[in-house]
J.: 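Please see the structure below; I have some questions.
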Amino acid sequence: MNFSSLNQIEKVNAAQFQRDLLQWYEEEKRDLPWRKDKDPYKIWVSEIMLQQTRVDTVIPYFERFIDQFPTVKALAEAEEEDVLKAWEGLGYYSRVRNLQAAVREVHEQYGGRVPHTKEEISSLKGVGPYTSGAILSIAYGVPEPAVDGNVMRVMSRILSIWDDIAKASSRKVFEEAIRQLISEDDPSSFNQALMELGALICTPSSPACLLCPVREHCCAFHEGTMNELPVKTKKKTMRHLHLAAAVLKTEMGEVVIQKRPPQGLLANLWEFPNTELSGIGSPKVELELFLKREYEIETKLKAEPIAKIQHVFSHLTWDIDVYEGRVTDYCSVKENSRLVKAEEVETYAFSVSHQKIWKKAKDE
DNA sequence: AAGGCGGGGTG
DNA sequence: CACCCAGCCTT
């Protein structure tokens, strides 16, 4: 804990800060679908979707997801395949597996009622310090901090906090600051207002200080340091992987797909057979050896790839050479694979990279 | 404390 | 290109 930072709070008049912030929020807040009611389940779903994901991206997913799984009971009883399909393209897929596991626990252990104590709600899978604070404050009106990237950026400027927000330990500094500033009357609006301010005014680069409702409370504005805060160290370099993928079609218009393992990258999503290339042989030969080894099938791949696809993740890049081939008398031993009709491919949850592959291959 | 984990928007 | 986004989990 960096107590020197906390002393900065004396620079802010908490009551006046709350009034200025909350008045602005009441006038300027966006009309978002998860703000239509205070159903803890819907707040929960929205908060999981919003982790590392922009509001504009989440909105259509949230509408469809709530339409399809409107209650704790509905999501608890849903098939994982359907839930994953509803999440397709949103990324960080462990979020939705954890969400469904946690919703099932709420359904069974809490009679379908989302718990409202810090200890109980924090014990749910996928619910960390931010999300527990968000659900408690927004759905139940409990004055708990909900410190996300927005709040750290905004408060680093307001209070001139120079702790590195990339460090996990820094979150506690901001939580302690929020505890001293939060509105006890309306913690829901207070927390959401800070995030709204971070999204609309107090942006990472070029903050719109002249439009800011709390600029008179802002140390960085007075000191002219708003463009130097927050302090955030850089992240690591990216790995680069070269893959080859096969779109294998039968005479009957069927296609071979396989399911990824339940742990790790893109867990449980469907994809086309593919292998990481060592660079020893040509991509085509390495892919054929993979298909013979893993599938025990002989394939005739076209000599040239039908597409070369690059897909960038947050921590690595895939370069995929896509080959097409015919299979006859498909009878694979590979248990996580299956043969599906071409028209049904899109009913399975695919990662975006393999959606790109199918987009190229389906018309070939 | 550090790294894995998606995908898209922005300058 | 790099950085960022209503973070959490594992090691």
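This structure is a prediction, so every number in the text was calculated from the model and none was measured. So you know, we letter chains A, B, ... as the sequences are listed, proteins then strands, and number each from 1.
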J.: Please classify the nucleic acid contact of A:Y130 as base, sugar-phosphate, or nothing, using heavy-atom distances under 4.0 Å.
T.: base
J.: Locate the shortest heavy-atom distance separating A:P143 from A:P187; write the atom from each residue and the value.
T.: CA-CB, 3.6 Å
J.: Is it true that the NZ or CZ of A:R95 lies under 6.0 Å from the centre of A:Y93's six-membered ring and within 45 degrees of the ring axis?
T.: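 Cation-pi check for A:R95 and A:Y93: fails.
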J.: Just the rounded figure in Å: distance from C1' of B:dG6 to CG of A:L266.
T.: 7 Å
J.: What protein N or O atoms touch nucleotides 9-11 of chain C N or O atoms at under 3.5 angstrom, if any, and at what distances?
T.:
{"unit_1": "C:dC9", "atom_1": "OP1", "unit_2": "A:G126", "atom_2": "N", "d": "2.6"}

J.: Counting any heavy atom closer than 4.0 Å, what does A:L90 reach on the DNA or RNA strands: base, sugar-phosphate only, or nothing?
T.: base
J.: May I ask you to decide if the ring planes of A:F350 and A:F272 are parallel, tilted or perpendicular, using 30° and 60° as cut-offs?
T.: tilted
J.: A:R239 has a side chain; which of C:dC5, B:dG6, B:dG4 sits nearest to it?
T.: B:dG4
J.: Would you indicate what A:R153 reaches in the nucleic acid, counting non-hydrogen atoms under 4.0 angstrom: base, sugar-phosphate, or nothing?
T.: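 A:R153: backbone/sugar contact only, no base atoms under 4.0 Å.
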J.: Taking NZ from A:K356 and P from B:dG8, how many angstroms apart are they, rounded to a whole number?
T.: 7 Å
J.: Look at the side chain of A:L265 and decide which nucleotide, out of C:dC8, B:dG6, B:dG8, has an atom nearest to it.
T.: B:dG6
J.: Are A:R171 and A:E175 within salt-bridge range, i.e. N to O under 4.0 Å?
T.: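 Judged by the 4.0 Å cut-off on N to carboxylate O distance, A:R171 and A:E175 do form a salt bridge.
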J.: Base of C:dC8, side chain of A:R95 - is there a donor-acceptor contact under 3.5 Å?
T.: no
J.: From the set B:dC5, C:dA6, B:dG7, return the single nucleotide nearest to any side-chain atom of A:R30.
T.: C:dA6
J.: From C-beta outward on A:D148, which listed nucleotide comes closest to its side chain: B:dA2, C:dA6, B:dG6?
T.: C:dA6
J.: Expressed as a whole number of angstroms, how long is the span from A:W318:CH2 to B:dC5:C1'?
T.: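 Spelled out: CH2 on A:W318 to C1' on B:dC5 is 12 Å.
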J.: Categorize A:G89 for me: base, sugar-phosphate, or nothing, with a 4.0 angstrom heavy-atom threshold over every strand shown.
T.: sugar-phosphate
J.: Can you measure A:Q51 atom CD to C:dC5 atom C1' for me and round it to whole angstrom units?
T.: 12 Å
J.: Quick check for you: to the nearest 0.5 Å, what is the distance between A:Q192 atom CD and A:R30 atom CZ?
T.: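 Interatomic distance, A:Q192 CD to A:R30 CZ, rounded to 0.5 Å: 10.5 Å.
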J.: For a quick test of reading the model: is some side-chain N or O of A:Y92 closer than 4.0 Å to OP1 or OP2 of C:dC5?
T.: no
J.: Within the 4.0 Å heavy-atom criterion, would you say A:T131 contacts the bases, only the backbone, or no part of the nucleic acid?
T.: sugar-phosphate
J.: What's the CG-C1' distance between A:L50 and B:dG8, to the nearest Å?
T.: 14 Å
J.: With distance as the sole criterion, is a donor-acceptor pair present between the side chains of A:D319 and A:Q310 under 3.5 Å?
T.: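 Yes, a side-chain donor-acceptor pair sits under 3.5 Å.
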J.: Starting at the 5' end of DNA chain C and moving along, which residue's nearest nucleotide shows up first, A:T233 or A:S94?
T.: A:T233
J.: I need the single residue from A:F62, A:F65, A:Y61 that forms a ring pair (Phe, Tyr, Trp, His ring centres under 6.0 Å) with A:W34. Which is it?
T.: A:F62
J.: Between A:K167 and A:S353, just flag the one whose closest nucleotide in DNA chain B comes earlier from the 5' side.
T.: A:K167
J.: So what does A:W34 hit on the nucleic acid, given a heavy-atom distance under 4.0 Å: a base, only sugar-phosphate, or nothing?
T.: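 Since a base atom lies under 4.0 Å of A:W34, the category is base.
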J.: If I take atom OG from residue A:S189 and atom CD from residue A:Q18, how far apart are they, to the nearest 0.5 angstrom?
T.: 11.5 Å
J.: Requiring both pairing distances under 3.5 angstrom, list the stems that contain DNA chain C and are made of three or more consecutive Watson-Crick or G-U pairs.
T.: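 The stems that DNA chain C takes part in, listed by first number, are B:1-5 with C:7-11, B:7-11 with C:1-5.
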J.: Round to a whole Å and report the spacing from CZ of A:F313 to C1' of C:dC1.
T.: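 Nearest whole value for this atom pair: 19 Å.
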J.: Between B:dG8 and A:T57, counting only base atoms on the nucleotide and side-chain atoms on the residue, is there a donor-acceptor pair under 3.5 Å?
T.: no
J.: Quick one: is A:H315 getting a side-chain N or O under 4.0 Å of the B:dG6 phosphate, OP1 or OP2?
T.: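 The answer is no; no side-chain N or O of A:H315 sits under 4.0 Å from OP1 or OP2.
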J.: For B:dG6 and C:dT10, measure between their P atoms and round to the nearest Å.
T.: 14 Å
J.: If I take atom CG in residue A:D56 and atom C1' in nucleotide C:dC5, what distance separates them, rounded to the nearest angstrom?
T.: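 After rounding, the gap between these two atoms is 11 Å.
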J.: Between C:dA6 and B:dG3, how far is it from one P atom to the other, in whole Å?
T.: 24 Å
J.: Begin with the C-alpha distance, continue with both residues' side-chain angles, and end with the deciding distance and a verdict on side-chain contact (heavy atoms from CB on, under 4.5 Å) for A:E271 and A:R260.
T.: CA-CA 7 Å; A:E271 63 183 7; A:R260 293 179 63 87; 2.8 Å; yes
J.: May I have the distance from A:I165 (atom CD1) to C:dC4 (atom P), rounded to whole angstrom?
T.: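 Taking CD1 of A:I165 and P of C:dC4, I get 8 Å after rounding.
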J.: Considering just the side-chain nitrogens and oxygens of A:Q52, establish if one lies under 4.0 Å of OP1 or OP2 belonging to C:dG7.
T.: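 Checking A:Q52 against C:dG7: at least one side-chain N or O falls below 4.0 Å of OP1 or OP2.
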J.: Decide, yes or no, whether a salt bridge links A:D37 with A:K42 under the criterion of side-chain N to carboxylate O below 4.0 Å.
T.: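 Answer for the salt bridge query: yes.
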J.: If you take all heavy atoms of A:V58 and A:M49, which pair is closest and at what distance?
T.: CG2-O, 3.4 Å
J.: List the residues meeting ring-ring contact (aromatic ring centres under 6.0 Å, His included) with A:W44, not counting sequence neighbours, and say none if there are none.
T.: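 Residues passing ring-ring contact (aromatic ring centres under 6.0 Å, His included) with A:W44: none at all.
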J.: Give one of base, sugar-phosphate or nothing for A:S351, where a contact means two heavy atoms less than 4.0 Å apart.
T.: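 The answer is sugar-phosphate, as A:S351 gets under 4.0 Å only of primed atoms, P, OP1 or OP2.
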J.: To the side chain of A:S169, which of B:dG6, C:dA6, B:dA1 is closest?
T.: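 For A:S169, the side-chain atoms sit closest to B:dA1.
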J.: For DNA chain C, whose closest nucleotide is more 5', that of A:L32 or that of A:Q310?
T.: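 Nearest-nucleotide comparison on DNA chain C picks A:Q310.
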